[in-house]
Amino acid sequence: MADEKEEKKERYKPFRAPKGVHDILPSDHEYHTYIKKVVRHRARQAGFRRITTPTFEYTDLFKRSIGDSSDIVSKEMYTFEDKKGRSLTLKPEGTAGVVRSYIQNGMNQLAQPVLLYYFEPHYRYDKPQKGRYRQFFQFGFEIIGESDPALDAQCIQIANKIHDDLGIKELFDLQINTIGTSEARKKYMQVVEDFYVGKERSLCENCKGRLHKNPLRLLDCKEEDCQILAKLAPTMRDYLDKESLEFHEELLEYLNEIGIEYTENEKLVRGLDYYSKTVFEFWDKTEGAQNAIGGGGRYDGLVELLGGQSTPAVGYAAGVERVIANMKKEKIKVPSKDELHVFVAQLGKEAKKKCLPLIEDLREAGIKSMGALGKGSINVQLRLADKFNVPYTVLIGLTEVREGTAIIRDMEKGIQETVNYEDVVDRVAELIGEDALDKYTPGELLYS
Ligand code: HAM
């Protein structure tokens with residue numbers, strides 16, 4: 001008997017979301033909505049248009065663009081086979097898909113540069129911890145089709161503006177570097193590899209493993225011993241091409257011109273292979289790189305690498321969960337439009353018949369209303385109204401039906417008034433105030 005009970009308990013154990021992923025509950029959706037609006041506003045102001053690429057792509061797209069030896073490709077991808085044995089991967093980042101789409105849809109025929117932005121979930125098999133999830137949202141910007149440091153500056157400026165709008169700009173420090181063209185970098189990679197060969201014993205396990213595959217990553221390893229060695233390593237600047245260095249100087253001049261503060265960080269390389277020249281990250285002022293809010297850079301070789309014509313590009317992406325965590329840390333509240341204005345309570349079938357059209361009229365007038373259409377007593381319904389935290393309740397009982405009236409109750413003051421049934425909508429609208437009404441009706445804006 002007891003065994004049977006246990007077995008049943010086990011069989012009907014409540015499910016939990018898989019490790020590292022979470023629901024976006026209504027209270028967090030208010031942040032999502034707000035951030036999305038800010039991103040959309042700043043994007044539109046600067047001529048960006050929204051793009052959504054598929055949640056999964058062919059695995060090779062990510063391998064070729066992000067690089068086989070990167071952490072993302074070597075450890076963090078959600079890869080699976082479809083029924084025909086094709087290898088697919090949930091997108092771990094947005095840039096590769098956007099570039100694939102740029103090529104596939106012939107966007108090189110449009111006026112250049114093409115300005116695109118996105119706000120989407122991404123997937124990485126990361127070790128879950130604070131600010132690190134297996135499904136996370138990013139908003140990002142890509143500027144494809146033009147090579148000029150002024151565009152890198154513009155990309156950074158938009159990121160900065162959005163952080164400012166969201167009230168978290170002061171928490172982050174812009175770290176910036178140039179990693180040169182891929183040819184110059186190849187030369188430097190060899191130099192770095194040669195520097196580390198023979199010093200393997202002082203490296204962490206992770207760095208030992210990537211020394212011959214991706215030596216540049218050793219330079220920004222967070223382990224203490226690796227950091228000591230990294231300080232002694234030959235500096236990248238000494239090996240970079242003149243053009244990249246000049247490009248970088250020009251970018252810094254533009255940033256100075258538009259008043260954006262930055263920290264030059266010659267060790268910053270970023271973890272994705274597609275970058276060339278500019279790389280940047282917004283580091284948490286107290287926690288550093290660990291909880292960077294976002295990062296980006298120039299990727300002049302990527303369009304060609306993915307089969308398009310040689311086309312320069314630059315972009316940026318930020319992590320939405322980290323943005324929200326920082327907004328909460330700063331105690332920033334976002335405007336909530338979800339709160340109800342009115343709870344409509346009724347007693348009896350006849351009253352319910354009166355309530356249904358009334359609820360519709362209230363909603364049409366922009367009054368956010370919910371009806372207690374179940375069978376509870378008036379007291380039960382009023383308690384419910386309290387729980388929903390509405391400022392007003394409209395009550396219709398048998399007397400009100402007979403007399404053609406309704407009661408409007410101010411829930412905070414605990415006072416009520418009786419008005420004619422026909423006047424309920426106008427009176428509630430008056431009480432709530434014109435400004436608070438929710439009259440947004442996107443359907444009216446349609447045209448053919
Ligand atoms: P990323 O640095 O890999 O760059 O990611 C950008 C941001 O996404 C990070 O700074 C972080 O805020 C957030 N993020 C990354 N992984 C996680 C995670 N596991 N959990 C929570 N948040 C995370 C890119 O993805 C590039 N595509 C950016 C770019 C756009 N470069 C050019 N254009």
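Note: hydrogens, waters and symmetry copies are ignored here, and every other heavy atom, side chains too, is used. None of these values were measured; they are calculated from a predicted model. Count residues from 1 along the sequence. We count ligands from 1, going down the list as the structure has it; atoms in each ligand are counted the same way.
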Which class fits the ring pair His32 and Phe119: parallel under 30°, tilted 30 to 60°, perpendicular over 60°? perpendicular
What class does the angle between the rings of Tyr133 and His22 fall in, given that below 30° is parallel, 30 to 60° is tilted and above 60° is perpendicular? perpendicular
Minimum-distance protein heavy atom relative to [atom]:
| atom | value |
| --- | --- |
| atom 26 (C) of ligand 1 | Tyr274 OH, 3.4 Å |
| atom 18 (C) of ligand 1 | Phe136 CD2, 3.4 Å |
| atom 12 (O) of ligand 1 | Ile293 O, 2.9 Å |
| atom 21 (C) of ligand 1 | Gly131 O, 3.2 Å |

Taking only heavy atoms of [X] into account, list the atoms of ligand 1 that are under 4.0 Å away from them.
| X | answer |
| --- | --- |
| Glu142 | 30 (C), 32 (C), 33 (N) |
| Gly296 | 31 (N) |
| Tyr275 | 26 (C), 28 (C), 29 (C), 31 (N), 32 (C) |
| Tyr133 | 18 (C), 19 (N), 20 (N), 21 (C) |
| Gln138 | 5 (O), 6 (C), 7 (C), 8 (O), 24 (C), 25 (O) |
| Arg124 | 1 (P), 3 (O), 5 (O), 15 (C), 16 (N), 25 (O) |
| Gly319 | 7 (C), 8 (O), 12 (O), 13 (C) |
| Glu93 | 25 (O), 26 (C), 27 (N) |

If we set the cut-off at 4.0 Å for heavy atoms, which region of Trp283 has an atom near ligand 1: side chain, backbone, both, or neither? neither
One residue to check: Val314. Relative to ligand 1, which of side chain, backbone, both or neither has a non-hydrogen atom less than 4.0 Å away? neither
Out of Ser70, Gly295, Ala313, the nearest non-hydrogen contact to atom 28 (C) of ligand 1 is supplied by Gly295
Compute the shortest N/O to N/O distance between [X] and ligand 1 and return yes if it is under 3.5 Å, no if not.
| X | value |
| --- | --- |
| Tyr118 | no |
| Ala317 | no |
| Leu272 | no |
| Glu321 | no |

[X] vs [Y] side-chain heavy atoms within contact, under 4.5 Å:
| X | Y | answer |
| --- | --- | --- |
| Ile158 | Tyr316 | no |
| Leu88 | Tyr58 | yes |
| Tyr78 | Arg134 | yes |
| Asp148 | Tyr254 | yes |
| Ser70 | Leu272 | no |

Please confirm whether [X] comes under 4.0 Å of ligand 1, counting heavy atoms of the residue only.
| X | value |
| --- | --- |
| Arg270 | yes |
| Ala292 | yes |
| Phe282 | no |

Check the pair Phe56 / Tyr123 against ring pair (Phe, Tyr, Trp, His ring centres under 6.0 Å), numbers first and verdict last. CA-CA 10 Å; Phe56 55 86; Tyr123 305 85; over 10 Å; no
Hey, is Asp126 close enough to Arg124 for a salt bridge, meaning N to O under 4.0 Å? no
What's the verdict on side chain to side chain contact (heavy atoms under 4.5 Å, CB included) for Tyr299 and Ile144, showing C-alpha distance, side-chain angles and the deciding distance? CA-CA 9 Å; Tyr299 47 96; Ile144 309 177; 4.0 Å; yes
Checking Phe141 now: which residues fulfil ring-ring contact (aromatic ring centres under 6.0 Å, His included) with it, not counting sequence neighbours? Phe48
Does NZ or CZ of Lys337 fall inside the cone over Tyr440's six-membered ring, less than 6.0 Å from its centre and within 45° of the axis? no
Does Lys285 have more than 12 heavy atoms from other residues, nucleotides or ligands lying within 6.0 Å of its NZ? yes
